[in-house]
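Working notes, beginning with the structure itself.
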Amino acid sequence: MRSLILGAIAALMVAGAAVAGPVTLKANPVDSDGRVTLGDLFDGAGAASNVVVGTRAGPSIVFEAGQLQSLARQSGLDWANPTGLRRVVVRNAAVAPASAAPAPGSSVAADEVAPPVLAARPQPVRAAVAERVITRNDMVEVAYEVGGVRLTITGHAEGNAAPGQRLAVRNLQSGRTIDAVAIGPGLALAGPAAQEARATQQLAAR
């Protein structure tokens with residue numbers, strides 16, 4: 001009897017793996033109601049499209065790629081992550097900028113870590129006053145560049161900010177506060193690049 005039960009369990013596991021279908025990560029994942037589903041993230045999610053994998057409290061939410069693979073696999077989906085992404089950013093569909101989508105021929109990998117948006121030219125300060133892109137306690141991706149070296153960290157916003165405005169971000173790992181400059185929804189720069197971005201926007205606003 002025990003061998004029959006173990007055999008049945010093994011058969012079910014094999015069957016579950018067999019029905020796992022390959023899916024493709026969307027180029028610009030967005031959600032419209034704060035509930036992030038597999039259908040918001042992947043093309044070809046099928047019956048698993050309505051499975052909720054996260055709740056977005058601010059303008060964006062960041063998933064670790066390995067965590068996302070595991071969540072997809074639990075619902076019978078197989079995401080191979082062929083470009084080796086580290087993180088995937090999902091934004092609010094109501095405020096996601098058109099520039100967040102990759103240019104034709106570009107790789108999805110760059111967008112998930114968000115450098116294209118970080119490299120975008122800051123908007124004029126006057127236009128940004130009415131367009132707050134980061135709210136207190138939002139998850140913020142901060143990029144730091146110096147001497148050709150680029151680092152990124154994720155933290156909580158300590159206040160509100162529009163593009164070009166200074167913002168304090170608390171590092172989730174160290175607990176330290178980083179002085180940054182907001183440049184887009186859930187995105188900020190730190191270090192020399194932040195000062196250059198702020199100075200550029202101040203000149204543009206004159």
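Position 1 is the first residue of the sequence; numbering continues from there.
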Heavy-atom closest pair (A161 atom, A182 atom, distance to 0.1 Å) is CB-CB, 3.8 Å
Given the options V181, V133, I134, P163 meets side chain to side chain contact (heavy atoms under 4.5 Å, CB included) only with V133
When rounded to the nearest 0.5 angstrom, what distance separates CG in L71 from CG in L38? 7.5 Å
The reported gap from CG in L167 to CG in L187 (rounded to nearest 0.5 angstrom) is 11.5 Å
H156 and L172, any side-chain heavy atoms less than 4.5 Å apart: yes
Taking all non-hydrogen atoms of both residues, which atom of V140 and which atom of A188 are closest, and how far apart? CG1-CB, 3.9 Å
Using side-chain heavy atoms (C-beta onward) and a distance below 4.5 Å, is V90 in contact with R56? no
T154 and E141: which non-hydrogen atoms are nearest, and at how many Å? OG1-OE1, 3.0 Å
Using a 3.5 Å cut-off and no angle test, enumerate the donor-acceptor pairs between side-chain atoms of residues 41-52 and protein atoms at least two apart in sequence or in another chain.
| from | atom 1 | to | atom 2 | distance (Å) |
| --- | --- | --- | --- | --- |
| S49 | OG | G46 | N | 3.4 |
| S49 | OG | G46 | O | 2.7 |

What do the steps show when you test E64 against R87 for salt bridge (charged side-chain N to carboxylate O under 4.0 Å, His left out), and what is the final call? CA-CA 5 Å; E64 295 294 331; R87 298 185 181 90; 3.4 Å; yes
Answer yes or no: is there a side-chain heavy-atom contact under 4.5 Å between V53 and F63? yes
Side-chain contact, heavy-atom cut-off 4.5 Å: M139 with I61? no
Which pair of non-hydrogen atoms, one from A190 and one from V142, has the smallest distance, and what is that distance? CB-CG1, 3.7 Å
Heavy-atom side-chain contact between V88 and P29 under 4.5 Å: yes
Minimum side-chain heavy-atom gap R91-N28 below 4.5 Å: yes
Separation of R35 CZ from D40 CG (nearest 0.5 Å): 9.0 Å
pair D138-P59: side-chain heavy atoms closer than 4.5 Å: yes
CG (L85) and CG (L25) are apart, to the nearest 0.5 Å, by 6.5 Å
Measure from the side-chain N and O atoms of Q69 to the backbone N and O of W79, and report whether any donor-acceptor pair falls under 3.5 Å. yes
Scanning both residues in full, the closest heavy-atom pair of N171 with Q173 reads OD1-N, 2.8 Å
Main-chain N/O of R136 paired to N160 side chain as donor or acceptor, under 3.5 Å: yes
For the residue pair G191 and Y144, what are the closest heavy atoms and their distance? CA-CE1, 3.3 Å
